[in-house]
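Read through the structure below, which is laid out as C-alpha cells, and then see the notes.
When a residue number appears, it is its place in the shown sequence, counting from 1. Counting starts at 1 for both ligands and their atoms, following the listed order.
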Amino acid sequence: MAVKTILTEPDQLLRQISKPVKKVGKQEQKLMDDMLETMYSANGIGLAAIQIGVPKRIIVMDISKDENKKKPRYFVNPVIKNKDILKSTYEEGCLSVPNQFAEIDRPKNCDVEYLDYNGEKKLLKAEGLLATCIQHEMDHLEGILFIDYLSKLKKNMIIKKLSKMKSTRIVV
Ligand code: GNR
Ligand code: NI
C-alpha cells in the first residue's frame with residue numbers, strides 16, 4: 001500500500017468525469033488499498049479516486065470514530081437508486097479543499113447500488129453522515145466539489161485563498 005498525493009482545488013483534474021470500472025480486478029483492488037491508506041493518513045472519512053488523480057468511479061469511506069474499530073467501505077460504480085425528498089444540513093469539508101468548511105443541504109437518506117471490493121453487487125440504505133458522505137464522494141465522480149453549491153462570492157473567495165496558498169513556497 002502507498003500514500004498518494006491528494007489533488008487540491010483549483011486542479012483541473014478534479015473537474016474530470018470519472019469512468020465506470022469494467023471489472024473489479026487486482027489493479028482496482030490495489031488502487032482501493034492505496035486510496036484507503038491515503039484517506040486514513042489525511043484523517044479523512046471518504047476519498048474518491050480522482051482526488052489522487054485516477055478518473056475511475058471508485059470511492060473508499062470509513063466513518064467510524066474509533067481508530068481501533070476501523071470499518072472501511074469500498075464502492076465501485078455507485079449509483080443512487082432512491083433519495084429522500086427530506087434534506088439535512090451538514091458542515092462539510094473536503095481533502096481537496098483544505099481547511100474550508102461550509103454547511104451544505106443534501107437529501108437526508110439515499111439508497112446506493114454498487115460493487116464492493118470483491119466485485120459483488122450490493123445495495124446500501126444510507127442515513128445520516130453515511131448518506132452525506134456518499135453523496136459528497138459521488139459528486140467527485142462528476143467533477144463536482146462542495147464549494148460549487150456556495151454563492152459565487154463565497155466560492156471565489158475560497159478558490160482565491162487556495163490559489164494563493166498553492167503559489168506560496170516557503171524558502172528558508
Ligand atoms: O473527510 C471528509 N469529511 C467530510 C465531512 C463532511 C462531509 C463530507 C466529508 S468527505 C471528506 C473527505 C473528502 O474530501 N472526500 O472526498
Ligand atoms: Ni471531498
Subject >> Row check, Phe75 ring normal vs Lys122 NZ/CZ: under 6.0 Å, within 45° >> reply: no
Original post:
Is Glu92 salt-bridged to Arg106, going by a charged N under 4.0 Å from an acidic O?
Top reply: yes
**OP:** Around atom 13 (C) of ligand 1, find the nearest protein heavy atom and jot down its residue, atom name and distance.
**Re:** Gly46 O, 3.4 Å
**OP:** For the Ni ion (ligand 2), find the closest N/O/S atom belonging to His136 and write down its atom name.
**Re:** NE2
**OP:** Considering the heavy atoms of Glu91, write down every atom of ligand 1 situated less than 4.0 Å from one of them.
**Re:** 6 (C)
Original post:
If every non-hydrogen atom of Glu9 is compared with every non-hydrogen atom of Leu145, which pair is closest and at what distance?
Top reply: OE1-CD1, 3.1 Å
**OP:** To 10°, measure the SG(Cys94)-the Ni ion (ligand 2)-NE2(His140) angle for me.
**Re:** 100°
Original post:
Can you find an N or O of His140 that's nearer than 3.5 Å to an N or O of ligand 1?
Top reply: yes
Original post:
Which of the atoms of ligand 1 are close to Gly44, meaning less than 4.0 Å from one of its heavy atoms?
Top reply: 1 (O)
**OP:** Taking only heavy atoms of Cys94 into account, list the atoms of ligand 1 that are under 4.0 Å away from them.
**Re:** 14 (O)
Original post:
Looking at Gly93, which atoms of ligand 1 are within less than 4.0 Å of one of its heavy atoms?
Top reply: 4 (C), 5 (C), 6 (C), 8 (C), 9 (C), 10 (S), 11 (C)
Original post:
Counting heavy atoms only, which part of Met39 comes closer than 4.0 Å to ligand 1: side chain, backbone, both or neither?
Top reply: neither
**OP:** Using distance alone, decide if ligand 1 has a nitrogen or oxygen within less than 3.5 Å of any nitrogen or oxygen in Ile45.
**Re:** yes
**OP:** Taking atom OH of Tyr90 as the centre, report whether more than 12 heavy atoms of other residues, nucleotides or ligands fall under 6.0 Å from it.
**Re:** no
Subject >> Linked, directly or transitively: Leu7 and Ile147 (ILVMFWY side chains, under 4.5 Å) >> reply: no
Subject >> Atom indices of ligand 1, in the order listed, that fall short of 4.0 Å to a heavy atom of Glu137 >> reply: 10 (S), 13 (C), 15 (N), 16 (O)
Original post:
Taking 4.0 angstrom as the limit, do Asp148 and Arg15 come out as a salt bridge?
Top reply: yes
**OP:** Flag Tyr90 as yes when one of its N or O atoms lies below 3.5 Å from any N or O atom of ligand 1, and as no otherwise.
**Re:** no
Original post:
Do ligand 1 and Cys133 have nitrogen or oxygen atoms that lie under 3.5 Å from each other?
Top reply: no
Original post:
Between Asn109 and Gly128, what is the shortest heavy-atom contact and its length?
Top reply: OD1-N, 4.2 Å
**OP:** Return a yes/no value for Leu95: is any of its N or O atoms, backbone included, closer than 3.5 angstrom to an N or O of ligand 1?
**Re:** yes
Subject >> Lys4 backbone acceptor or donor facing Thr38 side chain under 3.5 Å >> reply: yes
Original post:
Which ligand 1 atoms, with their elements, are less than 4.0 angstrom from a heavy-atom of Glu92?
Top reply: 6 (C), 7 (C)
Original post:
Are the side chain of Asn82 and the backbone N or O of Cys110 linked by a donor-acceptor pair below 3.5 Å?
Top reply: no
**OP:** Report whether Ile50 and Ile6 are members of the same hydrophobic cluster (ILVMFWY, side-chain heavy atoms less than 4.5 Å apart, transitive linking).
**Re:** no
Original post:
Considering distance alone, does some N or O of His136 sit under 3.5 Å from an N or O of ligand 1?
Top reply: yes
